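Working notes, beginning with the structure itself.
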Amino acid sequence: MLHEPVRQYRPPPATGGAAVLFEVPDILYSGRSGGRGLPQSHAGGAKNGADIRIVIDVITALQHETCYDEFVLASSDADFTPLLQVLRAHDRRTAIIATGSTAVAYEALADQYLDEQDLFDLLVPAQELEADVAEEAAAILEAHSVAGDTAAGGWPNDEEAWREFCEVVRSDYESSDVPINCARLASRIHADLGEVVTRTRWFGGGTFRQAVERIGLPNLNFSPHHFWDSTRHPAPEPVQPGPSDPPEVVPAPLPPGITRLCDVAKMPRLPQEHWPVVFKVLSEYAREFDFNLSEASKWSRDRATELGVEVSRRALLYVVRGARTGGADLSADQAPDAPAIGRAVFSSVLEQAALAGFSASEDEKQDLADWLAVDASNSRPVHGMQ
C-alpha cells in the first residue's frame with residue numbers, strides 16, 4: 001500500500017490488494033498486489049487503445065473475486081477523471097502516479113497523488129530526517145549505478161563488509177572523546193568500503209543511522225548530526241546562528257495575480273529574482289550533461305546554491321516538466337537556452353491554469369511574463385492556447 005488512509009465510515013477490506021495500472025508509450029501493463037491476478041494487457045502503441053484497456057481492466061477488477069481496495073493509476077491523462085469517479089462510487093481508494101502536467105480536478109479526485117519527486121523520496125526513505133547524513137546518502141545513491149554481487153576490487157561478500165563496518169564504527173565510538181559527526185564518518189566508510197554500501201543501502205538499514213543502530217552500541221544517542229555514548233560524551237550543543245550568519249529572510253508576499261496562478265497551476269512560489277537563475281542553471285545542465293531527471297534536479301539545485309539562490313528539487317522538477325510541455329525539452333539533442341526554457345514554462349503555466357478553469361487576462365499574462373522575466377511575445381501556444 002502507498003499510504004494509510006483515514007477511514008471514518010468504511011470498514012477494513014476483507015482481503016488486501018491493490019490494482020496497479022500503467023499508461024506509458026507503446027505499452028500498457030496492468031499488475032496487482034495481493035489476491036489473485038488480473039492478466040497483463042498491451043496497447044500496441046495506440047493511446048486510445050491503452051485508455052480503453054485500462055478502463056476494461058478496472059471494470060474487470062471491480063467484478064473480480066478478489067476485493068481490490070486500492071487502484072493505482074500511473075497516468076497524467078485527465079481523461080481518466082470519470083474513471084476515478086466510478087472508483088470512488090465503489091468506495092475504493094485511488095492513487096495517481098503522474099510524471100507530467102495534470103489537471104487539478106483529476107488530482108483532487110484521487111486519495112493520493114505522487115509526482116517525480118515523491119517517487120525519488122520513496123526510493124530514499126527517512127533521509128530528510130538526518131540532515132547532513134541525508135545529503136551524503138542521497139549523493140551516494142544517485143552517483144552510483146551498481147549491479148551484481150561484487151565490484152572489481154570490492155568485497156567477496158556482504159558479511160565481510162558488514163563486519164568491517166561494525167569494527168570501524170565501534171572503534172570510533174569507543175576511542176572518541178567527543179560526539180561523532182555522522183556525515184563525516186559515513187563519507188569515510190563509503191570511501192573505504194565502496195559499492196557495497198550503495199548496493200545494500202547501508203547493509204539493509206536504508207540509512208547510515210539505522211545501520212549504526214543495528215550494531216548494538218551501548219548507551220547510544222543520536223542527534224540529527226551526531227551520535228555519542230551518553231555515559232562518556234557530552235551531548236552536542238544545538239547549532240545556533242553565529243554573528244556572521246545572515247539574518248533569516250522572510251519571503252515577501254507574492255502579487256495577487258501570481259498567487260492565483262500558483263494556486264491553480266501549482267507554480268512554485270519562488271521570488272521574482274530566482275526565476276532567471278532557475279532557467280540559467282537548467283540550461284547549463286542540459287548543455288553539459290546527458291539528461292537524467294534525478295541528476296538534473298540535484299545538479300541544478302546545487303548550482304543555484306552556488307549562485308546564491310536556494311531552490312527545491314521539487315520546484316526544479318516543475319520547471320523541467322513545464323519546459324517539456326512548452327516545447328523546450330531539456331533532453332533534446334539541441335539543448336534549449338535559458339530564454340527558451342522561460343518561454344516554455346510561461347506557456348505551460350497558462351495551460352495548467354486553463355485546465356483548472358482559470359482564463360488569464362492579458363494583464364495577468366503580462367504580469368506572469370514580468371514575474372518570470374520572459375518575453376511573452378515569443379512564447380508559442382500550447383495545446384491550442386492563444
Side-chain angles (χ1 to χ4, degrees), residues 117-118 120-144 146 154-155 158-249 294-295 297-299 301-306 308-314:
Q117 187 59 52
D118 294 316
F120 295 148
D121 293 342
L122 287 173
L123 294 175
V124 192
Q127 289 183 350
E128 290 297 325
L129 301 178
E130 298 193 32
D132 291 347
V133 182
E135 191 64 28
E136 177 69 23
I140 290 171
L141 288 172
E142 292 179 358
H144 299 274
V146 296
W155 295 93
D158 296 346
E159 293 181 2
E160 184 177 347
W162 167 248
R163 286 195 297 270
E164 178 70 11
F165 172 82
C166 293
E167 289 175 6
V168 171
V169 174
R170 188 175 288 111
S171 174
D172 277 40
Y173 187 71
E174 294 173 351
S175 63
S176 178
D177 295 328
V178 295
I180 299 166
N181 183 284
C182 294
R184 191 172 298 119
L185 181 57
S187 179
R188 193 181 93 212
I189 289 175
H190 179 262
D192 291 341
L193 299 187
E195 60 85 29
V196 69
V197 172
T198 307
R199 172 164 51 81
T200 63
R201 298 189 65 184
W202 292 108
F203 306 100
T207 63
F208 173 75
R209 171 174 176 163
Q210 289 171 329
V212 172
E213 289 175 338
R214 291 175 56 194
I215 298 175
L217 300 172
N219 311 308
L220 178 64
N221 282 265
F222 271 95
S223 74
H225 303 278
H226 298 85
F227 66 95
W228 67 95
D229 184 337
S230 59
T231 64
R232 297 190 303 110
H233 302 142
E237 294 291 333
V239 177
Q240 299 293 338
S244 61
D245 292 332
E248 181 180 358
V249 177
S294 177
E295 288 292 338
S297 62
K298 183 179 186 303
W299 186 92
R301 179 202 60 189
D302 295 343
R303 174 67 176 135
T305 300
E306 293 175 2
V309 169
E310 296 293 333
V311 58
S312 70
R313 294 179 72 179
R314 189 177 296 276

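Because the structure is a prediction, the values reported are computed rather than measured.
- Nearest heavy-atom pair, Pro179 versus Pro234, reported as atom, atom and distance to 0.1 Å: CG-O, 3.1 Å.
- Under the rule for a side-chain hydrogen bond (donor to acceptor under 3.5 Å, both in side chains), the partners of Arg232 that lie at least two apart in sequence or sit in another chain are Asp229.
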Could you walk me through whether Trp228 and Ser223 pass side-chain contact (heavy atoms from CB on, under 4.5 Å), step by step? CA-CA 9 Å; Trp228 67 95; Ser223 74; 3.7 Å; yes
Do Thr200 and Trp162 pass the side-chain contact (heavy atoms from CB on, under 4.5 Å) test, and can you show the C-alpha distance, the side-chain angles, and the key distance before you say yes or no? CA-CA 10 Å; Thr200 63; Trp162 167 248; over 6 Å; no
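- Atoms CD and CG, on Glu174 and Leu217 in that order, are 8.0 Å from each other to the nearest 0.5 Å.
- The existence of a salt bridge linking Glu167 and Arg170 is excluded, since no basic side-chain nitrogen approaches an acidic carboxylate oxygen closer than 4.0 Å.
- Nearest heavy-atom pair across Val311 and Arg301 is O-CG, 3.2 Å.
- Distance check: Ile215 CD1 to Phe203 CZ gives 9.0 Å after rounding to the nearest 0.5 Å.
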Glu306 vs Arg303, test: salt bridge (Lys or Arg N to Asp or Glu O under 4.0 Å). Steps then yes/no. CA-CA 5 Å; Glu306 293 175 2; Arg303 174 67 176 135; 3.2 Å; yes
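- Residues meeting the side-chain contact (heavy atoms from CB on, under 4.5 Å) test with Glu213, sequence neighbours left out: Arg209, Gln210, Leu220, Phe222.
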Would you check, one step at a time, whether the test side-chain contact (heavy atoms from CB on, under 4.5 Å) holds for Ile189 with Val169? CA-CA 9 Å; Ile189 289 175; Val169 174; 3.7 Å; yes
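- Ring geometry for Trp202 against Phe165 counts as tilted: the plane angle lies between 30° and 60°, on a 0 to 90° scale.
- A 4.5 Å side-chain heavy-atom check between Ile180 and His226 finds every atom pair outside the cut-off.
- For the side-chain hydrogen bond (donor to acceptor under 3.5 Å, both in side chains) test, residues two or more places apart in sequence or in another chain that qualify with Arg188 are Asp172.
- Distance CG/Asp177 to NE2/His233: 6.5 Å, rounded to 0.5 Å.
- Atom-to-atom distance recorded for Leu185:CG and Phe227:CZ is 5.0 Å, nearest 0.5 angstrom.
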